[in-house]
Student: 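Take a look at this one; I'll ask things after.
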Amino acid sequence: MASKCALITGITGQDGSYLAEWLLGKGYRVHGIVRRVALEDPDHRLSRLKEIRGRLVLHAASLESYASMHRVVHDVQPDECYHLAAQSFVSYSFDDEFSTLNTNINGTHFLLSALKTLTPDCRFYFAGSSEMFGMAETVPQNEGTRFHPRSSYGISKVAGFDLTRNYREAYGMHACSGILFNHESPRRGFEFVTRKITAGVARILAGKSTELRLGNLEALRDWGHAREYVQAMWLMLQQAQPDDYVVATGQCHSVREFVELAFSHVGLDYTKFVTPDPELYRPAEVNVLQGDASKARRVLGWTHQVEFADLVREMVDADCRALGMI
Ligand code: NAP
Ligand code: GDD
């Protein structure tokens, strides 16, 4: 039997790179959609893919252009499509609501529409987010918890979730949404708090910096490891029936706990280096995210393995290694 063909948007990102590795390991032919500039500046923009670059087929296209998405779907004829591309930084969505909504909502709509027209049997994964719960009325949150997004990013993800469900119900497509809680790794972007902290610790240890400016230290997040979370995406598309799933560890920790552990792992006291910066607070904060992934455990057989403290240590070690500190 011919190997399956997967198309990944957002393949250059943290999750895209882990997912591409996972699918290659399963024998898939893996195609990715990237921005045109990525092909012109591969050392920088394809850095997370450098180990597997030769085994991927990359297509330049724009999430903002239906025609370009249509062309790629037509050329690739995917069996499975993982839609991970998005303006994914919540803070930035307050600075530019328009491009966040445009990219995230239209990108999802264009892709679903092209798949419906060209490859209606293709299975589709949408990268939903715990930010959709926002100011949640209950803790922990599960698939039945009401959405109350607190940013244009969260709103765009609710719209993508609704579009995905609608294509499933209206056109019978095998379209799933994962409602993924925060997941991190040494490949996390530097703008997100976990990587900002672990990269900051390494710089301080290396004598390249003396302070780390942070916003709200009391926010609570349910942090898991990205390498494990992409496996849940794949599992969703292997089920006979399409559905939506929460993916989370079930445990939450404050940003302060993350900071404390990251600094103490290299023998430093965070109170000597962390400076509160009111500029880094968000106009509307999401205070508590904690997921209940019992449906994913029951139906998909998925459960997290990497615990919080091990995740923090892995990230700190990777950043210290990159600066030659260990
Ligand atoms: P990420 O590292 O920020 O990667 C985002 C990807 O989207 C990158 O490949 C980026 O391409 C691409 N992208 C952004 N804007 C684009 C545009 N206008 N046109 C084309 N491509 C664009 O994010 P991630 O952590 O891997 O997350 C993957 C997906 O899961 C995102 O949709 C995110 O919102 C969602 N999610 C993430 C988490 C989490 O905790 N990581 C949790 C829930 C949901 P460039 O490299 O060219 O910028
Ligand atoms: N980025 C950042 N920078 N966040 C800070 C800082 C800082 O200096 N100081 C405190 N925080 C707090 C934020 O206010 C937020 O409460 C928490 O740290 C986590 O922020 P991020 O790491 O930026 O992630 P996020 O939770 O907003 O969003 C991530 O997870 C979502 C899933 O819940 C992203 O990956 C989203 O794409 C994803 O959907």
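Note that ligands are numbered from 1 as they come in the structure, with each ligand's atoms numbered from 1 the same way. The shown structure was predicted, so the numbers you read here are calculated from the model rather than taken from an experiment.
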Student: Could you check whether Asp121 and His174, counting side-chain N and O atoms only, form a donor-acceptor pair closer than 3.5 Å?
Tutor: no

Student: At a non-hydrogen distance cut-off of under 4.0 Å, which region of Lys157 contacts ligand 2 (side chain, backbone, both, or neither)?
Tutor: neither

Student: Tell me whether the NZ or CZ atom of Arg188 lies within the 45° cone about the ring axis of Phe192 and under 6.0 Å from its centre.
Tutor: yes

Student: If we count only N and O atoms by modelled type, under 3.5 Å, do the side chains of Ser99 and Asp96 hold a donor and an acceptor together?
Tutor: yes

Student: Check each of Ala60, Ala85, Ala86 against atom 14 (C) of ligand 1 and report the one with the nearest heavy atom.
Tutor: Ala86

Student: Name the closest protein heavy atom to atom 28 (O) of ligand 2, giving the residue it belongs to and the distance to 0.1 Å.
Tutor: Val90 CG2, 3.6 Å

Student: For the residue pair Thr9 and His83, confirm or rule out a side-chain donor-acceptor distance under 3.5 Å.
Tutor: yes

Student: If we count only N and O atoms by modelled type, under 3.5 Å, do the side chains of Ser91 and Arg282 hold a donor and an acceptor together?
Tutor: yes

Student: Look at atom 24 (O) of ligand 2 and say which protein heavy atom is nearest, naming residue and atom and giving the distance to 0.1 Å.
Tutor: Asn182 ND2, 3.7 Å

Student: Within a 6.0 Å radius of atom CD on Gln238, are there more than 12 heavy atoms belonging to other residues, nucleotides or ligands?
Tutor: yes

Student: Should one rank Asp15, Thr103, Asp41, Val37 by closest heavy-atom distance to atom 24 (P) of ligand 1, which comes out on top?
Tutor: Asp15

Student: In terms of atom number and element, which parts of ligand 2 are under 4.0 angstrom from non-hydrogen atoms of Gly215?
Tutor: 6 (C), 8 (O), 9 (N), 10 (C)

Student: In the protein, what heavy atom is nearest to atom 11 (N) of ligand 2, and what distance, to one decimal place, separates them?
Tutor: Val193 CG2, 3.8 Å

Student: Would you indicate whether His148, at its atom NE2, is surrounded by more than 12 heavy atoms from other residues, nucleotides or ligands within a distance under 6.0 Å?
Tutor: yes

Student: Indicate whether any N or O donor in one side chain lies under 3.5 Å from an N or O acceptor in the other, for Arg213 and Thr275.
Tutor: no

Student: What about Arg35: any of its N or O atoms under 3.5 Å from an N or O on ligand 1?
Tutor: yes

Student: Tell me which protein heavy atom sits closest to atom 14 (O) of ligand 2, plus the residue, atom name and distance to 0.1 Å.
Tutor: Glu285 OE2, 2.6 Å

Student: Any heavy atom of Arg187 closer to ligand 1 than 4.0 angstrom?
Tutor: no

Student: Does a side chain donor of either Tyr82 or Glu80 reach within less than 3.5 Å of an acceptor in the other side chain?
Tutor: yes

Student: On the six-membered ring of Tyr18, is Arg187 placed so that its NZ or CZ lies under 6.0 angstrom from the centre and within 45° of the ring axis?
Tutor: yes

Student: Specify side chain, backbone, both or neither for Phe89, according to which of its non-hydrogen atoms lie closer than 4.0 Å to ligand 1.
Tutor: neither

Student: For ligand 2, note which part of Ala219 has a heavy atom under 4.0 Å away: side chain, backbone, both or neither.
Tutor: side chain

Student: Tell me yes or no: between the side chains of Gln87 and Ser93, is some donor less than 3.5 Å from an acceptor?
Tutor: no

Student: Using a strict cut-off of 4.0 Å, indicate which atoms of ligand 1 neighbour a heavy atom of Gly13.
Tutor: 2 (O), 4 (O), 8 (C), 9 (O), 26 (O)

Student: Taking the non-hydrogen atoms of Gly128, is any one of them nearer than 4.0 angstrom to ligand 1?
Tutor: yes

Student: Once you restrict to heavy atoms under 4.0 Å, what part of Phe89 touches ligand 2? Side chain, backbone, both or neither.
Tutor: side chain

Student: Starting from atom 8 (C) of ligand 1, find the nearest protein heavy-atom neighbour and note its residue, name and distance.
Tutor: Thr12 OG1, 3.5 Å

Student: Could you establish whether His83 and ligand 1 come within less than 4.0 Å of each other, counting only heavy atoms on the residue side?
Tutor: no

Student: Is the shortest N/O to N/O distance between Leu280 and ligand 2 below 3.5 Å?
Tutor: no

Student: Pull out every atom of ligand 2 sitting under 4.0 Å from any heavy atom of Leu289, numbered as shown with elements.
Tutor: 33 (O)

Student: Please round to the nearest 0.5 Å and tell me the distance separating atom CG of Asn287 and atom CG of Asn216.
Tutor: 6.5 Å

Student: Of the choices Tyr125, Tyr82, Tyr153, which has the non-hydrogen atom that lies closest to atom 33 (C) of ligand 1?
Tutor: Tyr153

Student: For residues His59 and His31, establish whether the separation of their ring centroids is below 6.0 Å.
Tutor: yes

Student: Within a distance under 4.0 Å of any heavy atom of Ser129, pick out the atoms of ligand 2 and give their elements.
Tutor: 31 (C), 32 (C), 33 (O), 38 (C), 39 (O)

Student: Within the 3.5 Å criterion, strictly below it, is a donor on Glu64 or Ser62 matched to an acceptor on the partner's side chain?
Tutor: yes

Student: What protein heavy atom is closest to atom 38 (C) of ligand 2, reported as residue, atom name and distance in Å?
Tutor: Tyr153 OH, 3.5 Å

Student: Would you mind telling me if ligand 1 is within reach of the side chain of Glu131, the backbone, both or neither, using heavy atoms under 4.0 Å?
Tutor: neither

Student: Between ligand 1 and Tyr229, can you find any atom pair, the residue atom being a heavy atom, that is separated by under 4.0 Å?
Tutor: no

Student: Please confirm whether Trp223 and Phe181 have ring centers closer than 6.0 angstrom.
Tutor: no

Student: Considering only non-hydrogen protein atoms, determine which one is nearest to atom 37 (O) of ligand 2 and report residue, atom name and distance to 0.1 Å.
Tutor: Ser88 O, 2.6 Å

Student: Please list the nearest protein heavy atom to atom 1 (N) of ligand 2 with its residue and the distance rounded to 0.1 Å.
Tutor: Glu191 O, 3.0 Å

Student: Just jot down the ligand 2 atoms closer than 4.0 angstrom to any heavy atom of Asn216, in number order.
Tutor: 9 (N), 10 (C), 11 (N), 12 (C)

Student: What I want to know is whether Gln14 and ligand 1 share at least one N or O pair that is separated by under 3.5 angstrom.
Tutor: yes

Student: For atom 7 (C) of ligand 2, what is the nearest protein heavy atom, given as residue, atom name and distance?
Tutor: Lys196 NZ, 3.8 Å

Student: Measuring from atom CG of Leu84 to atom CZ of Phe126, what distance do you get when rounded to the nearest 0.5 angstrom?
Tutor: 10.0 Å

Student: Going by the atom numbers of ligand 2, which of them fall below 4.0 Å from some non-hydrogen atom of Ser130?
Tutor: 32 (C), 33 (O)

Student: Record the part of Arg188 in heavy-atom contact with ligand 2 below 4.0 Å; permitted values are side chain, backbone, both and neither.
Tutor: side chain

Student: Among all protein heavy atoms, pick the one closest to atom 3 (O) of ligand 1 and tell me residue, atom and distance.
Tutor: Ser88 OG, 2.7 Å

Student: Do Arg150 and Glu131 meet the salt-bridge criterion of a basic N to acidic O distance under 4.0 Å?
Tutor: no

Student: With heavy-atom distances below 4.0 Å as the criterion, list the atoms of ligand 1 near Leu180.
Tutor: 42 (C), 43 (C)

Student: Provide, to 0.1 Å, the distance between atom 30 (O) of ligand 1 and the closest protein heavy atom, together with that atom's residue and name.
Tutor: Ala127 CB, 3.4 Å

Student: Specify side chain, backbone, both or neither for His183, according to which of its non-hydrogen atoms lie closer than 4.0 Å to ligand 1.
Tutor: both

Student: Look at ligand 1 and say whether Glu64 reaches it with a heavy atom at a distance under 4.0 Å.
Tutor: yes

Student: Please state which option from Tyr281, Phe133, Trp223, Phe192 has its nearest heavy atom closest to atom 34 (C) of ligand 2.
Tutor: Phe192

Student: Just to confirm my output: which protein heavy-atom neighbour is closest to atom 25 (O) of ligand 1, and how far is it?
Tutor: Arg188 NH1, 3.4 Å

